[in-house]
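Below: one structure, written as structure tokens.
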Amino acid sequence: MSRYIKLGVNIDHVATLRNARGGKDPLLLQVALAVEDAGADSITMHLREDRRHIRDEDLFMLSPHLRTSINLEISASNEMVNVAGKLKPKSVCLVPERREEITTEGGLDVHNKIHKLMSFLGPIKQKNIRVSLFIEPSEKQIDAAKIIGADIIELHTGYFCDLYERKDGNYMEALKVLEKAASYAYKLGLEVHAGHGLTTASAGFVSKIPEMKELNIGHAIISDSIFMGLRGAVQL
Ligand code: PXP
């Protein structure tokens, strides 16, 4: 019997497309509702410090209309923790953020920032929001996530996906590292999610990890949707 793995769909890329023309289209709400209709379990949105795609008003406009829930990705900063406190999404995923990066490049260094991160986790958890930490698949980072009271860890799959897409045979080793990390975290009582760079093919491997509860996918789904819909759009 196959296990049900939850899917969070990241719609940041749709906001990027909208912002390119400075208008309202494509309407983020319509996209989020279509994603829900298609069976997604949550809508993931990353409110970046430079607001390059999702904006504050997107979050507050969408939130009351969703049947599912928002998984809000934010950096660990007072400004972002305040937004989370007002929005009260079901879960918040803390991610590292650098202005110059194109996308989130690595996991959060929880191990070396235990005290700093603890101060951000407390106020979020007080609002009954579940906290996830986006980390590399390393026992050191998982131990630190447990110590600071995270509910969930989201394992960064970027390295595995990169090897897999480049057809580098070492991808199986990278998959084993993810498997080991998932099992270790699960035994510590942490819920295990994964994301970054996943495609239909690579998600197939990660979803078979027994402890995996949820995958968060953005770029590949939005990219695939172009090919699923382009013919119809041209022929309208
Ligand atoms: N999970 C986290 C924590 C992320 O930061 C991102 C990228 O914003 C994703 C998942 C989705 O990654 P992708 O767009 O490559 O599927």
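All ligand and atom numbering here is 1-based and tracks the order in the structure.
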- Message: Regarding R130 and E191, does a basic nitrogen lie under 4.0 Å from an acidic carboxylate oxygen?
- Response: yes
- Message: Using a 4.0 Å cut-off to any heavy atom of H219, which atoms of ligand 1 qualify?
- Response: 13 (P), 14 (O), 16 (O)
- Task: Identify, by atom number and element, the atoms of ligand 1 in contact range of V95, meaning under 4.0 Å from any of its heavy atoms.
- Result: 3 (C)
- Query: Salt bridge between D25 and R21, side-chain N to carboxylate O under 4.0 Å?
  - Reply: no
- Message: Test your reading of the structure: does N216 have an N or O sitting under 3.5 Å from an N or O of ligand 1?
- Response: no
- Task: Please name the residue in the list R51, R55, H53 that meets the side-chain hydrogen bond (donor to acceptor under 3.5 Å, both in side chains) test with N19.
- Result: R55
- Query: Any heavy atom of A220 sitting closer than 4.0 Å to ligand 1?
  - Reply: no
- For G197, counting its heavy atoms only, list the atoms of ligand 1 lying under 4.0 Å from any of them. 12 (O), 13 (P), 15 (O), 16 (O)
- Message: If the threshold is 4.0 Å, N to carboxylate O, is there a salt bridge linking K176 and E179?
- Response: no
- What residue among N216, I217, L215, L198 forms side-chain contact (heavy atoms from CB on, under 4.5 Å) with T157? L198
- Message: What I want to know is whether E73 and ligand 1 share at least one N or O pair that is separated by under 3.5 angstrom.
- Response: yes
- With heavy atoms under 4.0 Å as the rule, classify the contact between H156 and ligand 1 as side chain, backbone, both or neither. neither
- Taking every heavy atom of S202 against every heavy atom of C161, the minimum-distance pair comes out as OG-SG, 3.8 Å
- Task: Could you tell me which atoms of ligand 1, counted from 1 in the order shown, lie closer than 4.0 angstrom to a heavy atom of H13?
- Result: 14 (O)
- Sub-4.0 Å atoms of ligand 1 with respect to non-hydrogen atoms of N10: 8 (O)
- Query: Do D151 and K146 sit within salt-bridge range, that is, some charged N less than 4.0 Å from a carboxylate O?
  - Reply: no
